[in-house]
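In what follows, a single structure is set out as structure tokens and then discussed.
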Amino acid sequence: MLRSKGLTVVDVYQGWCGPCKPVVSLFQKMRMEVGLDLLHFALAKADCLDVLEKYRGRCEPTFLFYAGGELVAVVRGANAPQLQNTIRDQLAASARSPGRECKVIKDEALAEEGECFSRVKDDGEDEDVVSSGKTCTLAIIKPDAVMHGNAEEIVMKIQETGFDILTNEERTLAEAEMRLFYQHRAGEDAFEQLLHHMCSGPSHLLILTRTEEAEDVVTAWRNLMGPCDPDVARREQPDSLRAQYGTAMPFNAVHGSQDAAAARRELLLLFPSFTFSDQGTEAAPEKSPKQILAS
């Protein structure tokens, strides 16, 4: 089935939670739009397949995209806009260049020896998606924006502005990790209000990078967010995310790292298993965030 014409999407799910029914409906609708012979959908229960052993115990589904029998994209979580965009992008690329050689990737959950986010060049050499010349930053879509149903629209605008989303997780943040996350603001009057807000409901945590290197990813993301205060953002940068989706402090819709050092610290805190490089140097904390929280 993986070698069928067009694109095949495999929903890898856990037996205890079952496949995501809304996503099944989404794929059925998209098959009608793009053509039954171009898009195929399959379910794979990780509990029953040894080849999917490393996906077991995960709290979110993983969607594997295959073209010509090769893995060409991976999406984690039931993120409808990201799934739709990935399907359209893969089908559009195939339509532009029929018979093209697919860019094959290795999913880190299946890769051996801890290889992470790698793909193969046309000449067969390995190339890191997060290469030594690229940096990553953290983006958080805050509980107020999620509660108002704006998360999917914000994700689409992030992608439309030229960012690559390496990870998008929906997670309710714990007070202990938020106290560590915002420790530099511990003396502020609104500190407790900020903590309560950030732990009040689910957030979307994203790892962003950029293919266009004219502007570094940290600066580009801060520019897209706009000024911290939504009222100031509406006056000075009306097209920014905080101007469009924020209401009043601290309900300003999105968070971004202050600079590259803050981005590294925040990524290591919220994504301890994520491996990235900075100017060729592997980033690894001396203590894991769990060890810091326990100490």
Side-chain angles (χ1 to χ4, degrees), residues 1-15 17-55 58 60-111 115-130 152-153 155-160 162-168 209 211:
M1 181 178 181
L2 296 181
R3 298 187 180 277
S4 301
K5 175 185 176 183
L7 187 67
T8 299
V9 184
V10 181
D11 176 2
V12 180
Y13 69 95
Q14 311 295 317
C17 61
C20 182
K21 293 181 179 179
V23 170
V24 174
S25 300
L26 168 69
F27 280 117
Q28 290 173 342
K29 180 181 177 182
M30 292 202 71
R31 286 195 73 199
M32 297 299 295
E33 292 177 1
V34 304
L36 299 179
D37 59 333
L38 293 180
L39 182 59
H40 312 280
F41 183 60
L43 298 172
K45 188 176 178 181
D47 313 58
C48 302
L49 299 171
D50 291 341
V51 70
L52 299 176
E53 180 180 1
K54 292 185 178 181
Y55 287 104
R58 293 171 178 257
E60 60 181 4
T62 301
F63 297 89
L64 308 178
F65 293 72
Y66 287 87
E70 301 289 354
L71 183 66
V72 294
V74 178
V75 172
R76 305 189 195 289
N79 185 325
Q82 189 175 4
L83 289 168
Q84 289 176 308
N85 290 337
T86 304
I87 289 171
R88 293 191 177 112
D89 290 346
Q90 292 294 334
L91 290 176
S94 178
R96 286 195 301 268
S97 305
R100 69 190 177 101
E101 184 177 354
C102 298
K103 286 189 175 181
V104 180
I105 71 169
K106 289 182 180 179
D107 182 47
E108 83 278 12
L110 296 181
E115 292 177 6
C116 185
F117 295 106
S118 64
R119 70 173 58 182
V120 178
K121 291 182 180 180
D122 291 340
D123 59 8
E125 297 179 2
D126 288 340
E127 175 189 17
D128 288 340
V129 173
V130 187
E152 292 183 359
E153 191 170 325
V155 168
M156 293 181 68
K157 290 192 175 184
I158 291 172
Q159 293 175 319
E160 290 169 356
F163 291 91
D164 292 328
I165 300 176
L166 300 182
T167 296
N168 181 359
T209 187
T211 52

### Task
List in chain and number order the residues that pass side-chain hydrogen bond (donor to acceptor under 3.5 Å, both in side chains) with K5, two or more places apart in sequence or in another chain; answer none if no residue qualifies.
none
#### Entry: side chain to side chain contact (heavy atoms under 4.5 Å, CB included) between V9 and D11, intermediate numbers included
CA-CA 7 Å; V9 184; D11 176 2; over 6 Å; no
### Query
What pairs with E33 under side-chain hydrogen bond (donor to acceptor under 3.5 Å, both in side chains), at least two apart in sequence or on another chain?
none
## Note on the structure
By ring-ring contact (aromatic ring centres under 6.0 Å, His included), F163 pairs with (sequence neighbours left out) none
### Task
Could you give me the CA-CA distance, side-chain angles and deciding distance for L52 and Y13, then say whether side chain to side chain contact (heavy atoms under 4.5 Å, CB included) is met?
CA-CA 10 Å; L52 299 176; Y13 69 95; over 6 Å; no
#### Entry: From R31 atom CZ to L7 atom CG, the distance as rounded to the nearest 0.5 Å
11.0 Å
### Task
First locate atom CG of D89, then atom CD of Q82, and finally report the distance between them rounded to the nearest 0.5 Å.
10.5 Å
### Query
Any idea which heavy atoms bring L71 and V74 closest together, and the distance?
CD2-CG2, 4.1 Å
### Message
Using 0.5 Å steps for rounding, measure from the CG atom of L91 to the CZ atom of F65.
### Response
9.5 Å
### Residues which pass side chain to side chain contact (heavy atoms under 4.5 Å, CB included) with E152, listed by chain and number, not counting sequence neighbours
A80, P81
### Task
Take the angle between the ring planes of F27 and F41 and call it parallel below 30°, perpendicular above 60°, tilted in between.
parallel
### Message
How long is the straight-line distance from CG of L39 back to CD of Q90, given to the nearest 0.5 Å?
### Response
11.5 Å
### Query
Which distance, rounded to the nearest 0.5 Å, do you find between the CD1 of I87 and the CE of M30?
4.5 Å
